[in-house]
Amino acid sequence: MSVNQANASVHDKTDIQLSVRNLCVDYITSNGDVRAVSNVSFDIGRGEVFGLAGESGCGKSTVAFSVCRLHKPPAFISAGEIIFNGKDILKFDDEQLRQYRWKESAMVFQSAMNSLNPVLTLEEQFCDVLLAHTNMTRQECIKRAGQLLEVVDIHPSRLSDYPHQFSGGMRQRLVIAIALALNAKLIIMDEPTTALDVVVQREILQKIYQLKEEFGFSILFITHDISLMVEFCDRIGIMYAGELAEVAPAKNILTKPNHPYTEGLGNAFPPLHGEKKRLVGIPGTPLNLFEVPVGCRFQARCPYVKDICRKEYCTLTEVAPGEFSACHLHKDGIVDIIALEKQPVQG
Amino acid sequence: MSNNNPIIEVKNLVKDFPINANALKKNHMRALNDVSFNLYKGRALAIVGESGSGKSTSAKIIAKMYSRTAGMVKYHGRDIDEFNHKQSLMEYRESVQMIFQDPFGSLNPTHTIFHHLARPLLLHKKVTNKADLPGRIYELLERVGLTPAKETAEKFPHQLSGGQRQRVNIARNLAVEAEIILADEPTSMLDVSIRLGVLNLMEDMKNDGISMMYITHDIATARYLAEDIGVMYVGHLVEWGEVDEVLQKPAHPYTQLLMSAVPNPEKSIHDNLEGGRKGEIPLWTPESVGCPFSGRCLQVMDKCNQALPEPKEIAPNHFVRCFLHE
Amino acid sequence: ADKATLTLVSELKPAWVRNFNPLTVTSRLATTNQFIYEPLLIVNEIKGGAVEYRLANKHYFSDDLKTVFFELKKDVKWSDGQAFNADDVVYSLGLAAAGGAFDVAGIGSKIAGVKKVDDFKVAVELSEVNTGVVSEIVRAPIVAEHIFSKQADLATFANENPVGTGPFTEVDTFTPQLYVQCRNPNYYENDKLAVDCIKMPQLANNDQLLAAAIKGDLDWTSAFIPDIDRVLVSQNKHYHYWFPAAGSASFMLNFKTPNKDNAKAFNDVNFRRAFSMALDRQAIVDIAGYGYWSVNEYPDALGDQFKAWANPDVSAKYGKYSKFNIEGAKALLKEAGYKDVDGDGFVENKDGSKIEFKILVPNGWSDFVNTVQIGVEGLQEVGINASVSTPEFSILNEKVMAADFDAQFSNYFAGPDPYMYYNTAFHSEQMDKARFGGHHNVDKELDKLIDGFNKTGDQDEKLKIVYQIQEKIGSNQTTMAAMSTNYNYQYNTKRFTGWFNESNPQARPVVWPDTPERLLHVLNLKPVK
Amino acid sequence: MGFINLLTRNKKALFGLCIVGFFILTSIFAPFITEYNAAKRVTGSHVAPSQEHVLGSTRMGRDVFAQTLYGGRVSLAVGFGAGIIVVAMAVAIGITAGYFGGIIDEVLSSLMNIMLVIPQLPLLMVLAAFIGEVSPMVIAMIIGLTSWAWGARVVRSQTLAVREKEFVVAAQVLGEPSWRIILIEILPNLVSIIGASFIGSVIYAIMTQATLEFLGLGDPTSVTWGTQLFNMQKTSAIHIGAYWEVFSPIVVIACVGAGLALLNFAVDEIANPQLRSHVGLKRWKQITAQKEAEAAQEATAQQGAAS
Amino acid sequence: MGFILRRLVFYFGAFLVAVVINFFLPRMMPGDPVDAMLAQGARFTAEQIANLRLTFGVDQPLYEQFFTYLGDVFTLQLGNSTFFSNMPVSEVLANAFGWTLFLTGTATILAFMFGATLGILAAWYRGGKFDSLASPLSLVLQATPQLVFGIVVLFSLGVTWDLIPISYAYDPELTPDYTSWEFIKNVLHHAVGPIFCIFIVQLGGFLVPMRNNMINLLNEDYITMGKAKGLSNIRVMLNYGARNAILPSVTALSMALGFVVGGALVVEVIFNYQGLGSVLYNAIINRDYQLIQGQLLIMTVFMLAFNFLADVLYVFLDPRLRKGGK
Ligand SMILES: Nc1ncnc2c1ncn2[C@@H]1O[C@H](COP(=O)(O)OP(=O)(O)OP(=O)(O)O)[C@@H](O)[C@H]1O
Ligand SMILES: Nc1ncnc2c1ncn2[C@@H]1O[C@H](COP(=O)(O)OP(=O)(O)OP(=O)(O)O)[C@@H](O)[C@H]1O
Ligand SMILES: [Mg+2]
Ligand SMILES: [Mg+2]
């Protein structure tokens, strides 16, 4: 693997909040080990919203969990560095880690329904995190919790309620409020709104954006809805089968894809306006991580596959300023994928 | 709208569910209120709306999974209640089939794909000679793109991916040669990259003359697949009609809100929502009056809280239930 | 000085409830009779029915044998100081004569009336001549008229602070786990009584009794202790035991069995004799009986307790059928025409019909169950297809009384003379009243002989009758004797001496409440210095 | 089948299966293992273990080894027989209640709940006393007929869960008859909980039978582990020091219980994949420990280099 | 509150059914107290037996007995025990009740405390040495009959080594005095053996479910969130894990406590402990109808009471079952 691999970053060093370097995560299973995240590198700047998109199972959550070092037993970080504010969190001891969590980087999970402890009141769930990380008294904690609730438009009097007494959207906002409790510098959001209706989803994302502007934290945003991601993120990383296929500014990702997979993703979303035509999406099925081929991982589904793709691994390289792609097509100087003549594809 | 006769005609459908029932008191919620729509041969009707708005309920009533509280459902002009005897019920079941949301839950993990396809064939006597069975099954599997068919047939559901499982479900519907397919969010649990494959397959079936009801959260795919669309809100069909007409010129404030909320790469997260504001979704009961959206509507009027507006055809094949269009 | 306290177990109960009313059989404590209420006299069974006078001085029959007179001791006082006299006896026996729930000795039908002759003499009129009745009459408790006659309801009267004539009337301690009865200050034989108090620890079952005995806590018990030499005596050198012969126990076939095919065999004396010869009595005694029993080879199953009554002629004539002899049994069966026709290893009737039966024995009576199992081993060996069945006691009882069964194994209780045994086991009137006469073989002549036993007061006459009875039963092999059973009795010499035992066989040594002789026993004990 | 495969792949299950299998086989082939008749006197009383009588003899002079082997036949048969009855009833009642719901469910659920609150052992004791002469098979029947409630409850709730699954709805929409849905679609999905309930019932039945017989409510002439205990108690085998008579049945009961318990543990893991402790976990632990050790080494090396 | 009310109705129904069963069960048993005395070798003449039967009054017709019984149940007159020398049944039970409650209650609560704690630890350190040893071991112990432990403990600790008493709840020589340390020590000494036997068997019943629950829970998002919050391990384990995992165990505990009253029959019989277990055993062996009835009745009442308690407790512990919010 190339050591001097390009870092998918457009930031200068001082402005970087989080820098993931060659992250490899393995799942140790009884059927053998699988590398679910392979050589992933990206940076997130201060105040930036960085999106990770990709099919189910491509390793998005695994990356997110690794950034908080929350990965659970079968997952094992086998290589790489995760540098937060200049320190490699993979080298933290337990106490450092405890301090780092939530204070530096907080996390909002996919399902708010399940990420609040059903038997504790909100007050307790706010206070335990405040008490664990600050010197506040309980009284102060309750006050702070009240303020946080107001931030997400929930009345502070409801602090004594239990999670089940809130609606799905409110719960999601509650989790966000808890994530804001310690002014964390990075908030990781793993599909924070997938379970919600579009109207609620938009409200919440607007709220998050507004809070981001106010508090200036960075966001690692994960979803598989690319349309949404394009609206919400500054830059987007597209993952395929544990690897970053492409990193580019959000605006370009659909209009000017640098990787056949990105292009396929773009084509998988029928438009809301304009002419109706038959779309094909991406043929084939996602890669089985137990059967990783030599060469490019996307080869089996790629309409432009060439011999080299079956032989050589392709690293993430900068193909245009701020745009990175892991595709052999670029090596050969072919940049505009859309201009390529398409081969007929079977559904 | 096509001028041939509807295959399914739903008229003023009402469905109540008991809630918080105890021995002393029976409370009800109204899951469907005065809902009317038709299904036509070779056309798809998409039903969109937020969770709990009654989409699945209406499909399940048509499939005779639920009884109805009031209103009428006709199949080729006959009340579906007439299909209650063993024989006629089987006939009806043969015509009306469903595709479910959860590709994991809709196949029995303890049986092979072969079993899943053999049952409908045998049950509805599509195959009378057991020797023909494998051939017919392989044929179906090939038709839904599950090749090699023989190997797929021997697999268990957990050995297939989500998309493949939905294809098996579709094959199941093809097996009985159903006339109507009620697809309840068939792609919502599928990955973006395989979603289209399933949708295309459904489109092919529709083009082969099957009548389809497509329930979804995803307005973009609704537009992709369906000719007609209905928008539901809290048990009410608030706006319906030809799909592009409704989506390009949403007339009901709720439809407008929905359209402005749909993720769209051409928009920005900062764009404001239109037509309505955030708020609680009301619990509709048989006693509730007025328009269900009145609490969130930006253009709410007094009468909105007093009566439910009647449907109005504001353009050919474009109906809306809103006092703004009286 | 320390009191001489004797620890005894005369009853196994889950808790002690304070009740010393001798008229409530199921609830009174086991130390009520004799120890609080002395009897008129004690019939010493071991000494062939010799009489030991207690409250009475003397007793005799009228010439027509229809009345019994009891003359009472004059120096007896109730423990509250009141004098004991004929009124008490008339009152007490009157209760019994009236029959019903307070007739705890079950003599109501045998007594016509009770009369006071003078202050110290009582006449008991019998309903018919019965020279054996005294031993039954004296089982009715003699209570204090001045206390009992004042009670509103004798059935619920708990008599918590008893006033009695016996040695231990003062209740010293009483808890559900332990109670102590101490010396009656007014006891008429206080000079003879060396034991000051008797202590009764509550024990619920044999295992606990055994555990307590091993620890040396108990002085006098009558428990069944398996393998007593290894289990108890070897653990505690102060323990001794004596197992005097008690009743007997026999197998029997139901002559009236509802099973027609079995009935053919059961009614054939040769079959019964072969059955008897198949019983390995020595093994039964040694294994099932731990050697406590003795082999019973009396043709009439009489048992060792009544050795003196046995007719040597009968033994000579039929004794061979009561001896274990597999080959003999086989030969006898063959001779009588029982053959294994179908080759299943078991013999069939002459007409080829099957003989197959179960021998009933009550569930939970382990030693008897084992006995029957050993018996069955022999039976199967000679080709008789018998097996064991262990129903609940009450079910067995009902079936046997109703003659709805094939075979059973039963023990017999003995009295001072063989009358009780013969009467319960062979008298046709008793067959539907208890399990003892389960063979249901009705023999009117035999009935008459048995009835005659108590119609005479002459001992020689009685012996003659018994000889005749034995001839009848022996020739018929009505039952198949297995063993003479034994009384269980263990004693501890650490604290007391004077125990009855083989070399001092003064009376039955048992401490259970149905052994009046225990009064004699306690009076004989002396504390060890 | 997959189920069997899973069972044999699980170490605990395999161990449990071996134990139970061992006792089943030894009792089935008892006549080939011992020459003695378990119900007959073959030697003296309480003979200590010797070459001839491997586990000594009882008071009645019966061979303890033979009794334990033959006793296993009856005890295991009772266990498995009762287990089958329990499971059959639990499944029939539980599925009916769960699938049909409504008033049927109300009635059957009440029945289950009432069965559950009636104390079991006393009920068994009273019934045993009522029947009078309780052969082991009768005990199996009684246990079977009184112990289904818990299993029925579990089956019912699982049925409720499965009934909501879309494949059941799909079968209904397809027009499958109810009996077919229950037997073909739902039942196979309950296999693991039925298995767990079966094993649990077998354990319970073996224990209960032994207890009833020990308390003297069984048939003392039958040869079972329970009557072995009863007889050893009655003959004070412990006081005599005939430990072989005491411990033979106790050890086998405990072993069979243990084997079945291990099996059940494994069935639990099969029913609930989250409980499975995979080989991966162990390796994960090793690798993590290794990496930590390396890191520590590196740290000290760096320190060394720095100083 | 509707939930609680409905449970109460059920419990009352169950109680009535239990009363009926309690009445008929003992009467189905063959024999009567006199038979029982005879079976124990008592030596009565036929006449004596007849007289004895008079004292038990079992000759009323069944239905009359039933109504008398029904009336008596509600006035707590449970009749007199024949075996306990005519003591009122209520008194016999009252005497034994305390001991059983003490014995089994202590053992159950200890088992619960140890089981729950060890279960939590086993799940937390899942796959570790402790887990792979303790969890199967406790299950194995649970599958071993109390009978076995009873015999082994009694004869090893009690008889062979003479470390613990083999009978009674306290030394019969002592007068009960619950304020004296001597006496309490004696009581404890007597209870050690039986408590141990009950404890060891019940341990697995709490440990394994607790462990399994906890393992399931540890995959829940809120546990991960607890960790992500940077809370200490102990806090996550207790407040997030155990607090939730304990819910089902609380039901199990109340059920176990419900069984307390009759649960330890075998152990009580083996250790001659004067609790309800040995009372029941003796009552059955001695055909003491009234006592069996009374005992079954209070066992059922206890079961129901503790079931009810479990329901209430569950509502109390699990806020999701409480109504409220807005
Ligand atoms: N506990 C586990 N054991 C083994 N493999 C796992 C485990 N968890 C995840 N994986 C594998 O790791 C890969 C990445 O999983 P991950 O959850 O990160 O995907 P994702 O991109 O977040 O998917 P989704 O969009 O569905 O959340 C997948 O192939 C998955 O099969
Ligand atoms: N069997 C039922 N019993 C009681 N209430 C029901 C039942 N089925 C549905 N409901 C209620 O009826 C309303 C409509 O439900 P339905 O499933 O039709 O919604 P939906 O629009 O399909 O939602 P989703 O998008 O989540 O599937 C909901 O509030 C639901 O709670
Ligand atoms: Mg994910
Ligand atoms: Mg739905």
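In what follows, every chain begins at residue 1, and chains take the letters A, B, ... in the order their sequences are listed.
Only the side chain of V230(A) has a heavy atom closer than 4.5 Å to any heavy atom of chain B. The contact between I219(B) and chain A is made by backbone and side chain atoms together, counting heavy-atom distances below 4.5 Å. For V243(B), the part lying under 4.5 angstrom from a heavy atom of chain A is the side chain only. For L272(A), the parts lying under 4.5 angstrom from a heavy atom of chain B are both the backbone and the side chain. Interface residue K277(A): only backbone heavy atoms are found under 4.5 Å from chain B. In this structure, the portion of D244(B) lying under 4.5 Å from any heavy atom of chain A is its side chain and not its backbone.
Contact detail for P282(B) and V234(B): the closest heavy-atom pair is O-CG1, 3.5 Å. Here the closest heavy-atom approach between residue L225(B) and residue L199(B) is recorded as CD1-O, 3.8 Å.
Classification of E245(B) and K249(B) as a salt-bridged pair holds, one side-chain N sitting under 4.0 Å from a carboxylate O.
In terms of heavy-atom pairs under 4.5 angstrom with chain A, the leader among R223(B), E203(B), Q248(B), E50(B) is R223(B). The greatest number of non-hydrogen atom pairs below 4.5 Å with chain B, out of V198(A), L279(A), I282(A), is found for L279(A).
Considering CZ of R297(A) and CD of E291(A), their distance stands at 12.5 Å, rounded to 0.5 Å. Remark: H259(A) NE2 to I253(A) CD1 distance equals 11.0 Å, nearest 0.5 Å.
Side-chain contact check for R195(B) and Y224(B): no donor-acceptor pair (N or O, by modelled atom type) lies under 3.5 Å.
Using the six-membered ring where Trp is involved, Y233(B) and Y254(B) have ring planes that are tilted, between 30° and 60° apart.
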*Begin with the C-alpha distance, continue with both residues' side-chain angles, and end with the deciding distance and a verdict on salt bridge (charged side-chain N to carboxylate O under 4.0 Å, His left out) for E154(B) and K150(B).*
CA-CA 7 Å; E154(B) 281 158 15; K150(B) 196 165 175 317; 3.6 Å; yes
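Checked options E55(A), E246(A), R301(A); the residue passing with Y261(A) is E55(A) (criterion: side-chain hydrogen bond (donor to acceptor under 3.5 Å, both in side chains)). Checking each of V48(B), D184(B), I47(B), T221(B) against Y214(B) for a side-chain contact (heavy atoms from CB on, under 4.5 Å) leaves exactly one that passes, namely T221(B).
Within residues 201-214 of chain A, the residues that have a heavy atom under 4.5 Å from a heavy atom of chain B are Q201(A), R202(A), E203(A), L205(A), Q206(A), Y209(A), listed by number.
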